[in-house]
Amino acid sequence: SSIVQAFVFGGIAGIETDGVPMLLFYLCSNAIWIYFSSSVTKNAHTFVSNAGVFGKVYFPRLATPISNVLSSVIQFGIQMMLVLIFMVVYLIKGQVHPNWAAWALIPPVLIHLGVLGLSCGIVISSLTTKYRDLSILVTFGVQLWSSVGEGWLKTIFMVNPVTPAVELLRYALLGQGSVHWGFYFLSVVLTVVLFLFGVMTFNRVEKTFMDTV
């Protein structure tokens with residue numbers, strides 16, 4: 001998909017990537033986005049998919065969505081190995097200039113995105129125990145969530161808590177773009193609020209979900 005995106009958006013549409021080689025740009029962007037989106041989609045069906053296990057064995061229910069996020073971390077690590085291979089090639093050619101000092105921010109930002117994906121997933125999972133049709137919209141909604149426009153539209157999307165985190169990771173890894181610390185701080189605050197709300201909702205639903213699943 002990264003090759004297709006590089007061809008369509010770069011070759012045909014002529015969309016610039018601020019000097020970053022297009023293939024590397026889309027490989028990195030897709031790895032980051034898939035990490036978040038899989039954290040959401042894997043957890044969006046937690047109650048429905050694990051109803052049989054939840055109904056027979058007692059264990060902390062949050063262990064399931066947390067394990068889903070950890071599996072997304074492993075998937076992300078595998079994808080990043082490919083990104084790093086291409087990055088070394090472009091580094092040798094002098095075509096990419098990572099912000100090495102900002103690499104220390106990568107682990108906490110990945111944790112941030114994982115917690116955000118976990119929070120969104122468990123909220124959706126809690127809702128789908130009553131509103132089954134909601135699960136149909138999850139995949140489409142997550143894909144739409146990744147859209148970012150320009151000008152005033154970009155400002156609106158920067159309020160999207162995912163966008164500042166993704167841009168910060170790209171800034172560190174590729175040396176592309178800039179960091180909007182105000183929007184990132186807002187993203188962290190929204191993530192904490194959503195996480196607390198998600199955990200409370202999840203714990204409340206787990207007590208009665210066998211009556212509705």
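The chain is numbered in sequence order, starting from 1. The analysis underlying the following values was restricted to heavy atoms, covering all of them including side chains, and did not include hydrogens, waters or symmetry mates. Source: prediction; values computed, not measured.
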Rounded to the nearest 0.5 Å, how far apart are [atom1] of [X] and [atom2] of [Y]?
{"X": "Thr64", "Y": "Ile122", "atom1": "OG1", "atom2": "CD1", "value": "11.5 Å"}
{"X": "Tyr35", "Y": "Leu169", "atom1": "OH", "atom2": "CG", "value": "9.0 Å"}
{"X": "Ser39", "Y": "Leu70", "atom1": "OG", "atom2": "CG", "value": "9.0 Å"}
{"X": "Ser37", "Y": "Ile32", "atom1": "OG", "atom2": "CD1", "value": "12.0 Å"}
{"X": "Phe185", "Y": "Leu190", "atom1": "CZ", "atom2": "CG", "value": "10.0 Å"}
{"X": "Asn43", "Y": "Ile124", "atom1": "CG", "atom2": "CD1", "value": "9.5 Å"}

Going through the distances and angles, do Leu110 and Val73 end up as a side chain to side chain contact (heavy atoms under 4.5 Å, CB included)?
CA-CA 9 Å; Leu110 289 177; Val73 171; over 6 Å; no
Please work out which of the three classes, parallel, tilted or perpendicular, describes the rings of Trp100 and Trp103, given edges at 30° and 60°.
tilted
If the plane angle is over 60° it's perpendicular, under 30° parallel, otherwise tilted; pick one for Tyr184 and Trp181.
perpendicular
Evaluate the criterion side chain to side chain contact (heavy atoms under 4.5 Å, CB included) for residue pair Tyr171 and Leu105; output intermediate values, then yes/no.
CA-CA 10 Å; Tyr171 174 78; Leu105 297 174; over 6 Å; no
If you take all heavy atoms of Ser126 and Thr201, which pair is closest and at what distance?
CB-CG2, 3.6 Å
If you look at every heavy atom in Phe25 and Leu174, which pair is closest and at what distance?
CA-CD1, 4.0 Å
Ser72 versus Ser38, side-chain donor and acceptor atoms under 3.5 Å
yes
Determine whether [X] and [Y] fall in the same hydrophobic cluster, where Ile, Leu, Val, Met, Phe, Trp and Tyr are linked whenever their side-chain heavy atoms lie under 4.5 Å apart.
{"X": "Leu127", "Y": "Met200", "answer": "no"}
{"X": "Phe36", "Y": "Ile106", "answer": "yes"}
{"X": "Val189", "Y": "Leu118", "answer": "no"}
{"X": "Val193", "Y": "Leu196", "answer": "no"}

I would like to know whether Phe183 and Thr163 meet side chain to side chain contact (heavy atoms under 4.5 Å, CB included); could you show each step before the answer?
CA-CA 9 Å; Phe183 285 115; Thr163 305; over 6 Å; no
Do any side-chain atoms of residues 80-98 form donor-acceptor pairs under 3.5 angstrom with protein atoms, and if so which ones, sequence neighbours left out?
| residue | atom | partner | partner atom | Å |
| --- | --- | --- | --- | --- |
| His97 | NE2 | Gly94 | O | 3.4 |

Would you find a donor on one side and an acceptor on the other, under 3.5 Å apart, between the side chain of Thr46 and the backbone of Pro65?
no
Is there side-chain contact between Leu194 and Cys120, with heavy atoms separated by less than 4.5 Å?
yes
Who are the side-chain contact (heavy atoms from CB on, under 4.5 Å) partners of Ser71, not counting sequence neighbours?
Lys42
